Amino acid sequence: MQADALKGRTAVITGSTSGIGLGIAHSMAAAGANIVLNGLGSATENKAVVAEVAEHGTKVVFGEANMTKPDEIVAMIADMEAQFGGIDIVVNNAGIQHVAPIEDFPPEKWDAIIAINLTSSFHTVRAAVPGMKQRKWGRIINICSAHSLRASAHKAAYVAAKHGLAGLTKVIALELAKDGVTCNAISPGFVWTPLVEKQLPDIAKAEGISIEDAKAQVLKRQPSGEFATVDQIGALATFLASEPAAAITGSNYSIDGGWTAQ
C-alpha cells in the first residue's frame with residue numbers, strides 16, 4: 001500500500017487502543033490517514049497510544065465515547081466531524097466476549113455483548129453516513145469474526161452479534177451503493193494479540209500442558225496452524241479504505257488460516 005494511499009482522509013476506529021484495532025490504526029496512519037482512537041483504557045494509557053500512533057506523522061486524537069451509550073457515540077462522531085471537516089472512514093472494531101452454556105448465560109452479559117459488538121456499529125454508521133453521502137465518499141469496515149460464518153458452543157451472544165454484523169454489512173452496502181460509500185466486513189480467526197499471548201500460560205496451566213501445546217490447541221481449527229497477525233488485518237482494512245477498492249462492497253473477507261473453508 002502506498003504511503004499516501006489515505007492521505008487527507010480521517011478514520012474513526014472503535015476499540016482501537018490495543019490488539020486488532022490498534023493494528024488497523026497504525027496501518028491507516030502509515031498510509032496517511034488522520035486517526036480517531038477509541039477505547040476503555042485509562043487517561044494515561046490512552047494518551048500513550050495516541051502518541052504512539054501519531055509517530056506516523058498524521059493527526060491522532062482520542063474519541064471519548066462509551067460504545068454502550070448511543071448518545072456518546074453520536075456526540076463523538078459530531079465532534080470529530082467538526083474537528084476534521086468530515087469522517088471518511090469508520091472501522092467498527094469494539095467488542096467483548098463471554099463464554100457459557102446457553103442455560104447459564106447471564107442476561108446482562110448477553111445485553112452487553114450485543115450492545116458493544118453489534119448495536120454500537122449501527123449507531124456509529126448511522127451518525128457518520130449523512131456526511132459521507134453528502135461528500136459522495138466513504139468507507140465502512142466492520143470487524144466481524146470467523147464466528148460471523150461459523151458457530152461455536154457456549155458463545156451464543158458473540159456468534160449472534162457477529163452474524164448480525166455480517167448481515168448489517170450487506171444492508172449498508174446495498175443502501176449506499178450509489179453514494180460512493182462502501183461497506184465491507186473482515187472476519188479474523190485466531191489472531192496473535194497481547195491478550196492471546198497472556199492467555200496461553202493460563203490455558204497451559206489449566207490443562208497441564210506446555211505453552212506450545214496450548215497454542216496448538218487454540219489453533220486446531222485453523223488449517224494453517226498459524227495465528228493471523230494484526231498487521232495482516234490492518235493491511236486489508238487499509239486496502240478496503242483505499243481508492244482501488246471502490247468497487248468492493250458488501251463482501252466479508254476471512255483471515256482465518258482456512259478455518260471457514262472447511
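Quick caveat: nothing in here was measured; it's all calculated off a predicted structure. Hydrogens, waters and symmetry mates play no part in the numbers below; they use all other heavy atoms, side chains included. One is the number of the first residue; the rest follow in order along the sequence.
- With hydrogens and angles disregarded, no donor-acceptor distance shorter than 3.5 Å links the side chain of D4 to the backbone of G32.
- Placement of M76 and L37 in two distinct hydrophobic clusters is found when ILVMFWY residues are connected by side-chain heavy-atom separations under 4.5 Å, directly or transitively.
- Of the possible polar contacts, one joining the T14 side chain to the N93 backbone as a donor-acceptor pair under 3.5 Å is found.
- Smallest separation of non-hydrogen atoms from M28 and A11: SD-CB, 3.9 Å.
- With a 4.5 Å cut-off on side-chain heavy atoms, V61 and M80 count as touching.
- Side-chain N/O atoms of S121 and N142 include no donor and acceptor closer than 3.5 Å.
- In this structure, the separation between OG on S120 and CD on E72 is 12.5 Å, given to the nearest 0.5 Å.
- Side-chain contact check for T68 and N66: at least one donor-acceptor pair (N or O, by modelled atom type) lies under 3.5 Å.
- Criterion: ILVMFWY side-chain heavy atoms under 4.5 Å apart, direct or through other members. Under it, V12 and V49 are not part of a common hydrophobic cluster.
- Both V53 and V50 are members of a single hydrophobic cluster when ILVMFWY side chains are connected at heavy-atom separations under 4.5 Å.
- Here the shortest heavy-atom pairing between A156 and I102 reads CB-CD1, 3.7 Å.
- When side chains are defined from C-beta on, F122 does not count as touching L165, because their heavy atoms never get closer than 4.5 Å.
- Side chain of R9 to main chain of D88: no donor-acceptor pair is present (N/O by atom type, distance under 3.5 Å, no hydrogens or angles).
- Residue L6 is grouped with residue I141 when hydrophobic side chains (ILVMFWY) are merged at heavy-atom distances under 4.5 angstrom, including chains of intermediate members.
- Residue pairs meeting the ring pair (Phe, Tyr, Trp, His ring centres under 6.0 Å) criterion with at least one partner in residues 47-89, sequence neighbours excluded, are H26-H56.
- A side-chain donor-acceptor contact under 3.5 Å links N252 and S148.
- Under the side chain to side chain contact (heavy atoms under 4.5 Å, CB included) test applied with I24, the options I35, V230, I143 reduce to a single match, I143.
- In this structure, the separation between CG on L236 and CD1 on I186 is 4.0 Å, given to the nearest 0.5 Å.
- T229 OG1 to I20 CD1: the interatomic distance, rounded to the nearest 0.5 Å, is 10.0 Å.
- Distance check: W192 CH2 to Q232 CD gives 14.0 Å after rounding to the nearest 0.5 Å.
- Considering only heavy atoms from C-beta on, L219 stays 4.5 Å or farther from E226 through its side chain.
- Panel note: side chain R139, backbone S242; a donor-acceptor pair is recorded below 3.5 Å.
- By the 4.5 Å heavy-atom criterion applied to side chains, V181 and V129 are not counted as neighbours.
- Remark: the backbone N or O of G131 is paired with a side-chain donor or acceptor of R135 at under 3.5 angstrom.
- Using a 30° and 60° split on the angle between ring planes, W259 and F190 fall in the parallel class, below 30°.
- For Q199, the CD atom counts as densely surrounded, since its 6.0 Å shell holds more than 12 non-hydrogen atoms of other residues, nucleotides or ligands.
- Distance check, rounded to the nearest 0.5 Å: CG of L176 to NZ of K133 gives 6.0 Å.
- Atom CG of L40 is surrounded by 12 or fewer heavy atoms from other residues, nucleotides or ligands within 6.0 Å.
- When all heavy atoms are compared, the tightest approach of A151 to H147 is C-CD2, 4.0 Å.
- Between the side chain of N38 and the backbone N or O of I13, no donor-acceptor pair lies under 3.5 Å.
- Between T10 and Q83, the closest side-chain pair of non-hydrogen atoms is not below 4.5 Å.
- Between D256 and A146, the shortest heavy-atom distance links the atoms OD2-CB, 4.5 Å.
- Q262 contributes a side-chain N or O that, together with a main-chain N or O of R221, makes up a donor-acceptor pair within less than 3.5 Å.
- Heavy-atom minimum distance, S42 versus E45: N-OE1, 2.9 Å.
- Each of N92, I87, V74 was checked for a side chain to side chain contact (heavy atoms under 4.5 Å, CB included) with T124, and the lone residue meeting it is N92.
- Atom-to-atom distance recorded for H163:NE2 and L168:CG is 14.5 Å, nearest 0.5 angstrom.
- Cluster annotation: I140 is not connected to Y253 through the hydrophobic network of ILVMFWY side chains, with a link wherever side-chain heavy atoms come within less than 4.5 Å.
- Among the candidates V99, N117, I114, I96, the single residue satisfying the side chain to side chain contact (heavy atoms under 4.5 Å, CB included) test with Y158 is N117.
- Side chains of K215 and I211 form no contact here, defined as non-hydrogen atoms less than 4.5 Å apart.
- With contacts defined as side-chain heavy-atom distances shorter than 4.5 Å, the pair P70/R126 does not qualify.
- The minimum heavy-atom distance between Q97 and I113, with the atom names listed, is C-CD1, 4.0 Å.
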